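All values derive from a computational prediction rather than experimental measurement.
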Amino acid sequence: MTLRHKKLLSVFTPIGIGLLCQTAIAFSPVPPSATPSGIVPNKRAVDYDWMSIKTWDKQHAEDTLIATYDQVDVLFVGDSITAGWDWQIWEKNFAPLKAANFGIGGDNTGNVLWRLQHGAVGNLQPKLIVLLIGVNNIGGLQESPEQAGDGVTRVIQQLQLAWPNSKILLNAVFPFDQDAKSPNRTKVKQLNKIIAKLGNNKTIFFKDYGPLLLEKDGSISPEIMKDFLHPTPKGYEVWANAMTPDINTLLKP
């Protein structure tokens, strides 16, 4: 049973909401005819073998229900890396904090913008928003670090518009590809330098946990990311161990 299943069972079983299994997801290039910009709100418009448009719509609808009816103190927003939290790790670290997971696999910044403008805000008043987004701008939309940075900036602006009193824990985009010399590694480093400037240590707190997922030579072990993109349970444990103390600190008045 997935984290998304668990959350909906705990909140919506009494009203009979149907549940969906979270599939294993990796980003795929968007066909040129359907290529949007990461700064423009847009819903999923491409069917992939790992997720149909219908499934994306249903997952967004589930999040909208949570936003309407649930009480959430810590809101996770992002793509498949956020969506894929190992349930036991989530239950130990985040469930006691009244957390909700609004991660949907394959999303870029434009998709998140659309979701926030179409129901994902609802009646929520989170104390803290944990954001990790941007890898699919590079890997899926084939955007430059500067373009991806503009997309992340727009998401931050949208979050602040929706929840001006909430703190934001902005995660640096995780490194991906096994080889430390991969061109994508350089792009991620450039993107993180750009979005790091969004942090002000007052309302937006930028944290880079990515180096903790790397080997000493800079490579990525399949024990941490089996596909060199998505964390394994061991990878999620490394992330949780590093991030949970920061979350607890930011939740203090």
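With a 6.0 Å radius and a threshold of 12 heavy atoms from other residues, nucleotides or ligands, Lys226 has its NZ atom at or below the threshold. Atom NZ of Lys167 sits in a crowded spot, with more than 12 heavy atoms from other residues, nucleotides or ligands closer than 6.0 Å. At most 12 heavy atoms of other shown residues, nucleotides or ligands fall within 6.0 angstrom of atom CD in Glu223.
A donor-acceptor distance shorter than 3.5 angstrom exists from the side chain of Thr109 to the backbone of Gly38, with no hydrogens or angles considered.
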| request: Take Ile195 and Phe206, measure what side chain to side chain contact (heavy atoms under 4.5 Å, CB included) needs, and give me the verdict at the end. | output: CA-CA 8 Å; Ile195 65 175; Phe206 176 81; 3.7 Å; yes
| request: Please step through side chain to side chain contact (heavy atoms under 4.5 Å, CB included) for the pair Ile194 and Glu146, ending with a clear verdict. | output: CA-CA 7 Å; Ile194 293 169; Glu146 292 76 17; 4.1 Å; yes
| task | Take Met51 and Gln59, measure what side chain to side chain contact (heavy atoms under 4.5 Å, CB included) needs, and give me the verdict at the end. | result | CA-CA 11 Å; Met51 182 184 288; Gln59 291 192 1; 3.8 Å; yes
| query | side chain to side chain contact (heavy atoms under 4.5 Å, CB included) between Lys234 and Ile224: does it pass, once the steps are laid out? | reply | CA-CA 6 Å; Lys234 184 175 180 180; Ile224 297 296; 3.9 Å; yes
Pair up each side-chain donor or acceptor in residues 239-248 with any protein partner under 3.5 Å, not counting sequence neighbours, and list the distances.
{"from": "Trp239", "atom 1": "NE1", "to": "Asn171", "atom 2": "OD1", "distance (Å)": "3.1"}
{"from": "Asn241", "atom 1": "ND2", "to": "Glu237", "atom 2": "O", "distance (Å)": "3.3"}
{"from": "Thr244", "atom 1": "OG1", "to": "Asn93", "atom 2": "OD1", "distance (Å)": "3.2"}
{"from": "Thr244", "atom 1": "OG1", "to": "Ala240", "atom 2": "O", "distance (Å)": "2.7"}
{"from": "Asp246", "atom 1": "OD2", "to": "Tyr209", "atom 2": "OH", "distance (Å)": "2.7"}
{"from": "Asn248", "atom 1": "ND2", "to": "Thr244", "atom 2": "O", "distance (Å)": "3.4"}

Please tabulate, for side-chain N and O atoms in residues 111-120, each donor-acceptor pair with protein atoms closer than 3.5 Å (sequence neighbours left out).
{"from": "Asn111", "atom 1": "OD1", "to": "Asn108", "atom 2": "N", "distance (Å)": "3.0"}
{"from": "Asn111", "atom 1": "OD1", "to": "Asn108", "atom 2": "ND2", "distance (Å)": "3.3"}
{"from": "Asn111", "atom 1": "ND2", "to": "Asn42", "atom 2": "O", "distance (Å)": "2.8"}
{"from": "Asn111", "atom 1": "ND2", "to": "Asn42", "atom 2": "OD1", "distance (Å)": "2.9"}
{"from": "Arg115", "atom 1": "NE", "to": "Asp107", "atom 2": "OD2", "distance (Å)": "2.8"}
{"from": "Arg115", "atom 1": "NH1", "to": "Phe102", "atom 2": "O", "distance (Å)": "3.0"}
{"from": "Arg115", "atom 1": "NH2", "to": "Gly78", "atom 2": "O", "distance (Å)": "3.1"}
{"from": "Arg115", "atom 1": "NH2", "to": "Phe102", "atom 2": "O", "distance (Å)": "3.3"}
{"from": "Arg115", "atom 1": "NH2", "to": "Asp107", "atom 2": "OD2", "distance (Å)": "3.0"}
{"from": "Gln117", "atom 1": "NE2", "to": "Gln158", "atom 2": "OE1", "distance (Å)": "2.9"}
{"from": "His118", "atom 1": "ND1", "to": "Trp114", "atom 2": "O", "distance (Å)": "2.8"}

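Other cluster members for Ile39: Val40, joined by side-chain heavy-atom distances under 4.5 Å among Ile, Leu, Val, Met, Phe, Trp and Tyr.
If you run side chain to side chain contact (heavy atoms under 4.5 Å, CB included) between Ile104 and each of Thr55, Asp63, Val77, only Asp63 comes through.
The nearest pair of heavy atoms linking Gln190 to Pro145 is OE1-CG, 3.2 Å.
Side-chain contact between Glu143 and Ile138 is absent, with no heavy atoms from C-beta onward closer than 4.5 Å.
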